[in-house]
*Asks:* 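Mind having a look at this structure? Questions to follow.
Residues take their numbers from the sequence shown, with the count starting at 1. What you are looking at is a predicted structure, and each value in this text was computed from that prediction instead of being measured. Atoms within each ligand, like the ligands themselves, are counted from 1 in listed order.
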Amino acid sequence: MATLSDWSDTELAERHALLTDAYAEIGRRNLQLDLTRGKPAADQLDLSNALDGILDSYILQDGTDVRNYGGILGIPEARALGGRLLDIEPAAVLAGGNSSLNLMYHFVNYRLESGPAGAPGWRTTASDPVRFICPVPGYDRHFTVCDHFDIGMVNVGFTADGPDMDAVEALVQADPSIKGMWCIPKYSNPTGHTYSDATVERFARLPKIAGPGFTIFWDNAYAVHTLTGQAAPLANLLKLARAAGTADNVVMFASTSKITFAGAGVAFLAASEANLNGFEDYLTASVIGFDKVNQLRHAKFLPDDAAIASLMQQHRALIAPKFELVEAKLQAALGDKGIATWTQPDGGYFVSLDVRPGLASEIVKLAADVGVKLTPAGATFPGGHDPNDENIRIAPTFPPLEDLSAALDVLVVCVELATATHQMGSRS
Ligand SMILES: Cc1ncc(COP(=O)(O)O)c(C=O)c1O
């Protein structure tokens with residue numbers, strides 16, 4: 001079939017009338033569906049219910065009673081788990097509370113105020129400008145952290161290999177007030193990119209051409225979240241940075257939020273020794289120690305790589321069909337019309353849908369008006385502003401398959417209706 005742009009005026013008007021009827025019919029169904037947040041579904045959470053009651057002792061081999069205060073860096077068993085997720089030795093890892101986003105927030109604050117081995121913070125006066133590079137589309141809560149600290153954000157796009165490194169290198173060279181960059185190096189939220197080896201190597205060298213204190217925030221939230229069973233290889237930034245002499249400019253994060261319990265997992269940070277010491281000092285004012293009981297539960301539940309792989313295989317069995325459904329529905333309804341493109345991720349939690357420029361907010365509104373909530377258009381960009389108004393993030397994991405199917409049927413009608421309306425308007 002020819003793409004929508006090639007249709008005659010009559011064909012377009014006929015199709016528009018059909019879509020208008022279909023949309024009106026959907027409106028009468030009183031739907032209440034939600035495709036907004038990338039949360040695990042209840043059946044995924046159930047996979048880890050054995051965490052409860054797993055402990056037969058609260059005392060570690062070294063005599064530590066995990067029920068008591070202390071130990072900001074976390075218990076050795078949990079640091080080893082973080083080391084497995086981040087592919088680094090446990091001594092470089094802090095095992096924290098239930099949220100890696102919380103660790104990111106605090107690491108930004110630590111670097112604003114101070115630095116590794118007595119290095120100055122990014123801001124010595126309140127008016128010092130600080131900027132971060134943000135690959136877009138990206139994770140909205142990264143941008144919220146920047147907003148919170150009044151950190152400016154500079155968008156860069158993607159190539160097939162990850163962020164557009166030519167643009168990134170030019171930016172950090174030109175502007176020493178760029179102090180950080182968000183990266184989701186594996187199965188990126190929402191685009192699904194996994195950074196190539198060449199890209200990671202360029203990241204390891206990047207601090208050498210950037211202003212002082214430039215720090216790469218390597219948020220490996222989806223380190224083990226393959227949808228195909230074939231893990232995408234990712235080079236290890238901290239190890240490469242050590243070799244390049246830039247280890248103090250790198251901090252890596254992971255968590256078990258989408259492995260065990262999203263709200264009650266364990267978060268990890270890996271950094272150079274100097275940063276780990278500096279960050280521990282910084283944290284001391286706010287916490288005496290994280291939840292070591294939960295750390296021990298996780299260490300027992302996930303004692304080795306095989307246990308992690310087996311649990312992730314069970315997640316995959318539950319969520320891969322949801323991603324397959326997204327692909328099948330989008331392909332069937334939009335595949336031959338030339339009006340949208342979307343990702344087919346090998347892992348992670350999202351599908352990134354690009355519609356014709358200028359139409360994303362309208363499509364999200366059309367869907368909301370008939371009871372289907374989508375992530376707000378623009379949410380994947382700093383300031384909630386997608387300059388092309390074209391990106392829509394689809395989060396298929398949480399709703400049951402039937403709800404997902406119904407929501408996707410609505411989404412594709414809204415995409416086509418908005419595009420046809422716009423096309424007719426532009427011809428008249
Ligand atoms: C890229 C990314 N980082 C971090 C998080 C949140 O992680 P946590 O639950 O460990 O705070 C998410 C959750 O969606 C995410 O997509």
*Asks:* Give yes or no for whether the N/O distance cutoff of 3.5 Å, strictly under, is met between Ser257 and ligand 1.
*Replies:*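 In this structure, Ser257 places an N or O atom under 3.5 Å from an N or O of ligand 1.
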*Asks:* Do me a favour and list the nearest non-hydrogen protein atom to atom 13 (C) of ligand 1 with residue, atom name and distance?
*Replies:*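 Ranked first by proximity to atom 13 (C) of ligand 1 is Lys258 NZ, 2.8 Å.
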*Asks:* Relative to ligand 1, is Tyr349 under 4.0 angstrom through side chain, backbone, both or neither, heavy atoms considered?
*Replies:*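 Neither; no heavy atom under 4.0 Å.
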*Asks:* Using a 3.5 Å distance criterion without hydrogens, assess whether the side chain of Asn102 forms a donor-acceptor pair with backbone atoms of Gly97.
*Replies:*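 Answer holds: no.
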*Asks:* So, do Phe158 and His193 have ring centers that fall under 6.0 Å from each other?
*Replies:*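 Between Phe158 and His193, the centre distance is under 6.0 Å.
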*Asks:* Among Phe217, Trp122, Phe279, Tyr105, whose ring pair (Phe, Tyr, Trp, His ring centres under 6.0 Å) with Tyr110 holds?
*Replies:*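 Of Phe217, Trp122, Phe279, Tyr105, ring pair (Phe, Tyr, Trp, His ring centres under 6.0 Å) with Tyr110 is met by Phe279 alone.
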*Asks:* To which protein heavy atom is atom 2 (C) of ligand 1 closest, and what is the distance rounded to 0.1 Å?
*Replies:*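 Protein heavy atom at minimum distance: Asp219 OD2, 3.3 Å.
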*Asks:* CG of Leu19 to CD of Glu416: how many Å apart, nearest 0.5 Å?
*Replies:*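 Between atom CG of Leu19 and atom CD of Glu416 there are 4.5 Å.
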*Asks:* Quick test of your reading of the structure: of Ser100, Cys183, Pro40, whose heavy atom lies closest to atom 8 (P) of ligand 1?
*Replies:*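 Considering heavy atoms of Ser100, Cys183, Pro40, the nearest to atom 8 (P) of ligand 1 sits in Ser100.
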*Asks:* Might you point out which heavy atoms bring Leu276 and Arg79 nearest each other, and give the distance in Å?
*Replies:*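 Looking at all heavy atoms of both residues, the shortest contact is CD2-NH2, 4.3 Å.
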*Asks:* Out of Tyr139, Phe268, Phe217, whose heavy atom sits nearest atom 12 (C) of ligand 1?
*Replies:*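 Going through Tyr139, Phe268, Phe217 one by one, Tyr139 has the nearest heavy atom to atom 12 (C) of ligand 1.
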*Asks:* Out of all atoms in ligand 1, which are within 4.0 Å of some heavy atom of Tyr222? Include the element for each.
*Replies:*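 That gives atoms 1 (C), 13 (C), 14 (O), 15 (C), 16 (O) of ligand 1.
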*Asks:* By number and element, which atoms of ligand 1 are closer than 4.0 Å to a non-hydrogen atom of Ser255?
*Replies:*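 In order of number, 8 (P), 10 (O).
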*Asks:* At the 4.0 Å heavy-atom cut-off, does Arg141 count as touching ligand 1?
*Replies:*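 So Arg141 does not count as touching ligand 1.
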*Asks:* Should the pair Asp140-Arg37 be classified as a salt bridge under the 4.0 Å nitrogen-to-oxygen rule?
*Replies:*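 Yes, this pair counts.
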*Asks:* Would you kindly say whether Asp389 and Ser361 are connected by a side-chain donor-acceptor distance under 3.5 Å?
*Replies:*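 Yes, because at least one side-chain N or O of Asp389 sits under 3.5 Å from a partner of the opposite role on Ser361.
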*Asks:* Is it the side chain (CB and beyond), the backbone, both or neither of Ser99 that lies under 4.0 Å from ligand 1, heavy atoms counted?
*Replies:*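 Both backbone and side chain.
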*Asks:* Considering both backbone and side-chain atoms of His142, is one of its nitrogen or oxygen atoms within less than 3.5 Å of a nitrogen or oxygen in ligand 1?
*Replies:*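 No, there is no polar N/O contact under 3.5 Å.
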*Asks:* May I ask you to identify, for Ala267, whether its side chain, its backbone, both or neither come under 4.0 Å of ligand 1 on a heavy-atom basis?
*Replies:*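 It is neither part, as no heavy atom is under 4.0 Å.
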*Asks:* Please classify the Leu101 to ligand 1 contact at 4.0 Å (heavy-atom distances, strictly less than): side chain, backbone, both or neither.
*Replies:*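 Contact part for Leu101 vs ligand 1: both backbone and side chain.
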*Asks:* Any Lys/Arg nitrogen of Arg202 or Asp166 sitting under 4.0 Å from an Asp/Glu carboxylate oxygen of the other?
*Replies:*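 Counted as a salt bridge, because a side-chain N and a carboxylate O are separated by less than 4.0 Å.
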*Asks:* Any idea which atoms of ligand 1 are less than 4.0 Å away from a heavy-atom of Ala221?
*Replies:*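 So the atoms of ligand 1 that pass are 1 (C), 2 (C), 3 (N).
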*Asks:* Quick one, Asp281 with Thr284, criterion side-chain hydrogen bond (donor to acceptor under 3.5 Å, both in side chains). Give me CA distance, side-chain angles, the key distance, then yes/no.
*Replies:* CA-CA 5 Å; Asp281 278 354; Thr284 304; 4.9 Å; no
